[in-house]
Amino acid sequence: MPPTLASLVHHSALKLTVLAGADRLDTPVRWAHVSELIDPVPYMNGGELLLTTSLTLDAENPEEVLPYVRRLARAGVAGLGFGRGVNYDGVPAALVAAAEAESLPLLEVPRRTPFLAITKAVSAAIAAEQYRAVTAGFAAQRELTRQALGEGPEGLIGALAAQLNGWAAVYDASGAVVAAAPEWAARRAARLTPDVRRLRDRPAPASAVVAAAEDRVELHSLGTARHPRAALAVGTESTLGTVERYSVHAAISLLTLTTERSRAFRAAEQRIGAAVLGMLLAGESGHARAAAGDLYGALLDAPFRLAIVAATSPASQPHASSPASGTGAASGEDTVTPELAPDPFAAMVDLVETAAARAGEPVLVVREGERLVLLAVDQGAVADACATYAGESDRARDAGAKSTPESTLAIGLSAPSGPVAAVTAYKQAEQALSVARRRGRTLVEHEDVAAGSVLPLLADDAVRAFADGLLRALHDHDATGRGDLVASLRAWLAHHGQWDAAAAELGVHRHTLRYRMRRVEEILGRSLDDPDVRMELWLALKATTATGGVV
């Protein structure tokens, strides 16, 4: 706390006497200022002890004194010190009455006490208070550092909450509460998740004050990336003081160090991940396991899923942030400049890394050109997070919601695999990704590809063009009114070449149907006895209709 009027009155060397406003001596004094102006208010900031000898003011005239005192009170002046024995032998009664009327503390300064002594006393008290605040702040930093080194983020926020006489919580990139202290604060902190997510969308470093029913809450981003990877919340009954502010700033620095690895370490981890994936796809599973070490070794010891993530269309392709070679691990760092579109992979990387960190399971994330390759534990938290993300994206798309960079991703997921079969898993993921793009879905698993139908794939433009070209001659023939070869061919193929069944469906004699099939062979120049020809014609019929619509 800064010095108060009471502390100055009790200062034995100053000999000050209270003449008015005795009930407001606890008012803080932020500075002592000497002015003989009739209106010194334009030069005041509030909180000053104004010292005057009334050189220009008629202190005995109530009509002049009362407006003067009223201006000082409304400007937030802490008090008025009147030096007697210079222009007036004592303090004029009119000034005392005006001070009492405005509840402005009035102090009598004896002739032997120079104003400079009061100014020095205020300055020394302020300096002493600042020194105490700095000393206490350093002590708080030492305690927070000790807790961070010994107990991690949980111990750190526990100590921070105690120092603030409030509560503290740490959030991950998704806005979920990672740790809170005291224990009762976890539920209160969880209610701020929407505010944390809004803070995450602002460039770091970012902070915000949140209005809460119970207390005053401050939110601060953690991390050095453009978009924060975590956040800190502190809740107190009132505005933070100097010492508390030191503690919060120290906690932000320490939590940044404990929650975000250094850029050099992260880059090294990315290179290892890219090397491990490269060895797996080169069929060198033994070398990949040796290179994985403790970082990714557990991932290779259990069944894993390989996922490939890409934009749904070339128009929405993300920016490549991988090394010049075109392959590298995704870091989650937002390197997009204002001129470029947002990188949707950053959100995906945050999603999977957060899910893996919560579950304590490894995940390998590699940026491969304009695609993201993930290696995750089968039936683990990362796979669940991808499925949840896909479900939300598909529902939003089906509901006609406006697309965002993050909602333009497609994910292909392999079947459970191991290091030896990594190449096969990669091909499965690519096939699943292709199907996801064709079907307009966010996530397709390889098992779904094998269990599904091939017919949805016929909606491709290339297949459509092939089908139109193959059947065009038959459509031209039917357009002259000389028969219905297309319908006859469809019925014949649908009944597996059984003449009687197909003829009955068409309502014609089987000899008529035989004649039409010979005309189909003559027009196309191809034999219907060839199973490949029958297959191509059937697929062409399924892909188109006589009007050109997709079946």
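Counting from 1, the numbers follow the sequence of the chain as shown.
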Looking at E521 and R519, does any basic side-chain N land under 4.0 Å from a carboxylate oxygen? no
Extract all donor-acceptor atom pairs below 3.5 Å that involve side chains of residues 286-310 and protein atoms in other chains or at least two apart in sequence.
residue, atom, partner, partner atom, Å
R289, NH1, D301, OD1, 2.3
R289, NH2, L300, O, 3.4
R305, NE, D378, OD1, 2.9
R305, NH1, S414, O, 3.0
R305, NH1, E445, OE1, 3.2

Is the shortest side-chain N to carboxylate O distance from R188 to D215 below 4.0 Å? yes
Could you state the interatomic distance from CG (L156) to CD (E143), rounded to the nearest 0.5 Å? 9.5 Å
Less than 4.0 angstrom from a charged side-chain N to a carboxylate O is my criterion; do E392 and R395 meet it? no
I'd like to know whether L222 forms a side-chain contact (heavy atoms from CB on, under 4.5 Å) with Y171, so could you lay out the CA-CA distance, the side-chain angles of the two residues, the decisive distance to 0.1 Å, and finally the verdict. CA-CA 9 Å; L222 302 175; Y171 303 80; over 6 Å; no
Heavy atoms only: give me the nearest L160-L144 pair and the separation to one decimal. N-CD2, 3.6 Å
Hits for side-chain hydrogen bond (donor to acceptor under 3.5 Å, both in side chains) against R142, two or more places apart or cross-chain, chain-then-number order -> none
Got a second to check how far L513's CG is from H495's NE2, nearest 0.5 Å? 10.0 Å
When rounded to the nearest 0.5 Å, the distance separating CG of N165 from CD of E244 is 9.0 Å
Around atom CD of E183, are there more than 12 heavy atoms from other residues, nucleotides or ligands closer than 6.0 Å? no
Gap separating the CD atom of E430 from the CZ atom of R371, nearest 0.5 angstrom: 4.5 Å
